[in-house]
Asker: 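Pasting in a structure now, in C-alpha cells, and then I'll have a few things to ask.
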2 protein chains.
Amino acid sequence: MLSGGEARTEVGRGGARRRLTPEERLPQILEAALEEFAERGYGGASMAGAAARAGVAKGLIYYYFPGKAELFTAVVRSCIQPVFTEAEKLVAAHDGPYADLLQRLIRLAYQRVGEDSRDSVLFKLLLAEADRFPELGDFYRLEVLSRGLDLITSVVSAGAAAGEFRADAAEDGGLAAVLMAPVAMASVWRGMLGPERAPSLEAMCAAQTRLILSGLARPGPG
Amino acid sequence: MLSGGEARTEVGRGGARRRLTPEERLPQILEAALEEFAERGYGGASMAGAAARAGVAKGLIYYYFPGKAELFTAVVRSCIQPVFTEAEKLVAAHDGPYADLLQRLIRLAYQRVGEDSRDSVLFKLLLAEADRFPELGDFYRLEVLSRGLDLITSVVSAGAAAGEFRADAAEDGGLAAVLMAPVAMASVWRGMLGPERAPSLEAMCAAQTRLILSGLARPGPG
DNA sequence: TTGCTTATCGACCGAATGGTCAATAACTGG
DNA sequence: CCAGTTATTGACCATTCGGTCGATAAGCAA
C-alpha cells in the first residue's frame, strides 16, 4: 500500500549543494572510501558509509564508479603504487658498496611501513580480498610482488657479480622472496595488531640487516 | 497485511531428519563453515550457506553458536592450533646440532603450508579480520605469534649457548620475527595467489635455510 | 536572461542476510 | 509403549545494502 509506484513527490530539495569538478571530487571520494574500507573491510564497508564520510549522497559514487568492486580497486591502486617508485629511484641513483644499498633499502621499507598505518591496513585488506577479485590479484602480482622481487634480485645479483656477496646468491630463486617477506609481514602485523602490539619495526629492521649482511657475505676470510 | 500473526500452518514437516550427538554434529558444522568462510570471506559468508554445506537447517547453527562471530572464532581456533603442537613436539624431542633442528623446523613449516590450502586461506582471513574481533586478535597474538616467536627464540638461544651460533643472536629481539615472517608470508601468498602463482615454497625453504645457517654461523674459521 | 550540460541528491526497490521461534521428530529411560 | 528431553527444522521478521532513477540545481556560454 504505502509503496506508491511513483509516489516520489518531494525529491531533490536537499540542502546546500556544492558543485565540484571531478578532479576535486574524486580524491575526496577515494579518501573517504579508503577510510571506510580500512575500518570495516570490503564486505563490511557500505557505499552509503563511504558517501557519508565524503559528505556526499550515495548516488554520486555511482556517478563516478560503476560499483563497489571498482571503487575498491581504485582505492587500492591509488594507495599502494607510490611506495615502489621511491625504492626504485634509490637503487638507480646509488653507487658504492652493495651492502650499503641493501641496508638502505631495508631501512627505507621498514620506515615506510611505520609511517602511515592506513597503508598497512589497506595492504592487509588487499591480501584478504585478492582471490575474490582477479583484477586485484593481478595488480598485486605485477605491481607489488614482481616489482619488489625484481628490485631485490637486481641488487643481489649486482652485488654478487661485484664479488661482494656469495656467488650462488645470484641464482637463488627463492632468496628475493625470503628477503621481502619480513617487511611485508611486518606491515601485516602492524595492520592487524596495531603499532604497539606488533613486533617492533626497529628490532626487525636491525635483525634483518644483520642476518642478511652476514648471510650473504662471502665465506672467505675470517 | 499478508503478514499473518501466527499463520505458520505447515511447519516442521521436513524430509529425512537424522539426529546426531553434538560431538558428531559440531565437526560437520565447523568443517562446512570453514569452507564457506574460506571461499567467501567473513563478510561474504552466510549462515545459510554454511548450513547448506553442512546439510543442515540454518537454525541449527544458532543452536550450537550464539552468532556469526562466535562461529568464525570457533572455526579459526579449531584450525590453526594443531600446527604448533607438532613443531613443539619436534623441538622437545630433538637432540644433536641445533642447525639441524632449525633446518628441520623450517622444512616442517613450509611443508605444512603446502599441505592444506584451506589453512592458508583461513590464515589469511584471520589476518584480515583480527582487528575487527578483539578476541581473534588476542588469540592470534597469544596462540600463534608469541608461540612461534618463543619457539624460535628458544632454539636460537640454545644454539648460541652451545657455541653453534653467533653469541649476539640470542639477544636479538627482532630475529625471531624475521625468521618467522617468510613462512607466514609464504602462507599468505599461497592463500591469495594460489599455489601456482605464489613464490615457490621449495625455493623459499631452500633459500631461507641457506641464509639462516650462514647468517647465524659464528664468524670464526674460514 | 535563457537554455544546455552535468554534477548532485535522495527516495525507492529487490534481494540477501542475521537472527528468532514455535512446531516437531528423533532418541532415552522407564 | 509412553513420556520427557533435545536435536532439528523452516517459515518468518527486521534490517541492511547495492544499485537505479527521475528530479534538480550549479555553472557556463550565448
Side-chain angles (χ1 to χ4, degrees), chain A residues 1-29 32-33 36-37 39-73 132-133, chain B residues 1-29 32-33 36-37 39-73 132-133:
Chain A
M1 305 314 186
L2 40 79
S3 77
E6 59 273 359
R8 238 174 280 122
T9 50
E10 316 181 332
V11 241
R13 43 177 254 284
R17 193 138 120 184
R18 225 164 41 112
R19 187 194 174 90
L20 294 182
T21 167
E23 284 79 49
E24 300 172 297
R25 184 82 349 134
L26 253 171
Q28 290 183 351
I29 294 182
E36 176 79 5
F37 281 126
E39 205 165 288
R40 319 244 268 223
Y42 180 81
S46 81
M47 295 286 122
R53 282 176 207 260
V56 137
K58 193 176 64 165
L60 189 60
I61 298 195
Y62 287 92
Y63 181 75
Y64 286 99
F65 297 95
K68 193 184 188 181
E70 290 81 5
L71 174 63
F72 182 64
T73 62
R132 252 184 307 289
F133 296 91
Chain B
M1 311 308 182
L2 42 77
S3 76
E6 59 273 359
R8 234 174 284 121
T9 52
E10 314 181 334
V11 240
R13 46 176 253 287
R17 192 140 122 184
R18 229 165 37 112
R19 188 194 172 92
L20 294 182
T21 167
E23 284 80 46
E24 299 171 299
R25 184 81 349 130
L26 255 171
Q28 289 183 351
I29 294 181
E36 176 79 5
F37 281 126
E39 207 165 287
R40 320 244 269 224
Y42 179 81
S46 80
M47 294 288 122
R53 282 177 207 261
V56 138
K58 193 177 64 167
L60 189 59
I61 297 194
Y62 288 91
Y63 181 74
Y64 287 99
F65 297 95
K68 193 184 188 180
E70 289 82 4
L71 174 62
F72 182 66
T73 62
R132 251 183 309 288
F133 297 90

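All chains are named by letter (A, B, ...) in the order of the sequence lines, taking the proteins before the strands, and each is independently numbered beginning at 1. Below, all heavy atoms of this structure are taken into account, side chains as well, without hydrogens, waters or symmetry copies.
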Asker: NA contact type, A:Tyr64, heavy-atom cut-off 4.0 Å: base, sugar-phosphate, or nothing?
Answerer: sugar-phosphate

Asker: Specify the separation, in whole Å, of atom CZ of B:Phe65 and atom C1' of D:dT8.
Answerer: 16 Å

Asker: With respect to B:Tyr64, which candidate in B:Leu71, B:Val56, B:Leu26 satisfies the side chain to side chain contact (heavy atoms under 4.5 Å, CB included) definition?
Answerer: B:Leu26

Asker: Rounded to the Å, how far apart are A:Phe37 CZ and D:dG18 C1'?
Answerer: 12 Å

Asker: Among the candidates C:dG18, D:dG19, C:dT5, find the nucleotide nearest to the side-chain atoms of B:Ser46.
Answerer: C:dG18

Asker: Can you tell me which nucleotide in C:dG18, D:dG18, C:dC27 comes closest to the side chain of A:Lys68?
Answerer: D:dG18

Asker: Between C:dC21 atom P and B:Leu60 atom CG, what is the distance in whole Å?
Answerer: 17 Å

Asker: Quick one: does NZ or CZ of A:Lys68 land under 6.0 Å from the six-membered ring centre of A:Tyr42, within 45 degrees of the ring axis?
Answerer: yes

Asker: Atom OH of A:Tyr42 to atom C1' of D:dG18: distance rounded to whole Å?
Answerer: 10 Å

Asker: Could you tell me how far apart A:Ile29 (CD1) and C:dC9 (P) are, to the nearest whole angstrom?
Answerer: 9 Å

Asker: Under the 3.5 angstrom rule, does the side chain of B:Glu36 hit a backbone N or O of B:Arg53 as a donor-acceptor pair?
Answerer: no

Asker: What is the distance, to the nearest angstrom, from the CD atom on B:Glu36 to the P atom on C:dT17?
Answerer: 9 Å

Asker: If the cut-off is 4.0 Å, is B:Arg25 near the phosphate of D:dT8, judged by side-chain N/O to OP1 or OP2?
Answerer: yes

Asker: Can you check whether A:Gly49's main-chain N or O pairs, donor with acceptor, with A:Ser46's side chain at less than 3.5 Å?
Answerer: yes

Asker: Looking at C:dG18, does its base get a donor-acceptor pair with the side chain of B:Lys58 below 3.5 Å?
Answerer: yes

Asker: Rounded to the nearest angstrom, tell me the gap between atom CZ in A:Arg19 and atom C1' in D:dA26.
Answerer: 5 Å

Asker: Could you state the atom-to-atom distance from CD1 of A:Ile61 to C1' of C:dG10 in whole Å?
Answerer: 13 Å

Asker: Let me know, please, whether A:Ala45 or A:Gly59 comes out on the 5' side of the other along DNA chain D by nearest nucleotide.
Answerer: A:Ala45

Asker: Give the minimum heavy-atom separation between A:Ala33 and A:Ala50, together with the two atoms involved.
Answerer: CA-CB, 4.1 Å

Asker: Would you say D:dC21 has OP1 or OP2 under 4.0 Å from some side-chain N or O of A:Tyr62?
Answerer: no

